[in-house]
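Structure first, then comments.
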Amino acid sequence: MKILFICTGNTCRSPMAEALLRQMAAEREADVVVLSAGLAAFPGDPATVQAQQAVAELGADLREHRSRRVALPHLAAADVVVTMTEAHRAALREWAPEYAEKVYTLAEWSGRGEDIADPFGKDEAAYRKTASEIAADLAAAWDLRIAPQSKNDKTNEK
């Protein structure tokens with residue numbers, strides 16, 4: 001399964017989701033490819049220091065992350081595209097309607113929560129809150145979307 005996370009600048013929310021889900025997949029030895037991009041990213045920017053610290057506290061690593069702007073090949077290659085907000089989802093669906101059926105907000109994909117607010121420019125507590133919300137949504141999504149798919153893949157291989 002290949003999952004693409006999308007936010008605005010690809011320096012906070014989507015990289016945090018990418019790092020946290022990559023960590024979950026590694027811990028579960030699951031075959032999940034995780035990437036992230038931004039709708040208005042400046043390519044090559046690192047994740048913010050606060051985002052790096054917030055995910056490090058949860059055991060994930062963002063030190064090597066570099067931002068990238070979402071492109072049509074990213075959408076084509078992904079099995080699912082997960083945005084941080086409804087506005088991101090709407091923008092992607094308008095820009096690339098041919099991929100609309102695989103674009104979800106994190107809240108709807110996980111079956112819980114609301115849009116993930118942008119912590120950019122806020123204090124460390126805001127980043128910790130964002131990372132915790134993303135981690136909770138990813139745990140729910142794992143049980144709802146990823147684990148069943150992994151079981152189906154293994155069943156289909158036999």
- Message: Is there a side-chain contact between Asn10 and Arg69 in this structure, where contact means two heavy atoms from C-beta onward sitting under 4.5 Å apart?
- Response: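 Result no, sub-4.5 Å side-chain heavy-atom pair not found.
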- Validation row: Tyr104, Val81 side chains within 4.5 angstrom (heavy atoms):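 A side-chain contact under 4.5 Å is absent here.
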Suppose we screen for salt bridge (charged side-chain N to carboxylate O under 4.0 Å, His left out). Which residues come up paired with [X], at least two apart in sequence or across chains?
| X | value |
| --- | --- |
| Arg66 | none |
| Asp79 | none |
| Arg89 | Glu86, Glu108 |
| Asp143 | none |

Give a yes or no on whether [X] atom [atom1] has more than 12 heavy-atom contacts from other residues, nucleotides or ligands under 6.0 Å away.
| X | atom1 | answer |
| --- | --- | --- |
| Tyr99 | OH | yes |
| Glu98 | CD | yes |
| Lys129 | NZ | no |
| Glu94 | CD | no |

- Message: Applying a strict under-4.5 Å side-chain criterion to I, L, V, M, F, W and Y, I'd like to know whether Leu92 and Leu4 cluster together.
- Response: yes
- By side chain to side chain contact (heavy atoms under 4.5 Å, CB included), Glu124 pairs with (sequence neighbours left out) Gln50, Gln53, Arg128
- Message: Checking Ala131 now: which residues fulfil side chain to side chain contact (heavy atoms under 4.5 Å, CB included) with it, not counting sequence neighbours?
- Response: Met16, Ala54, Leu58
- Polar contact flag, side-chain donor to acceptor under 3.5 angstrom, Thr8-His88: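 Yes, because at least one side-chain N or O of Thr8 sits under 3.5 Å from a partner of the opposite role on His88.
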- Item | Donor-acceptor side-chain pairing of Thr11 and Asp45 below 3.5 angstrom | no
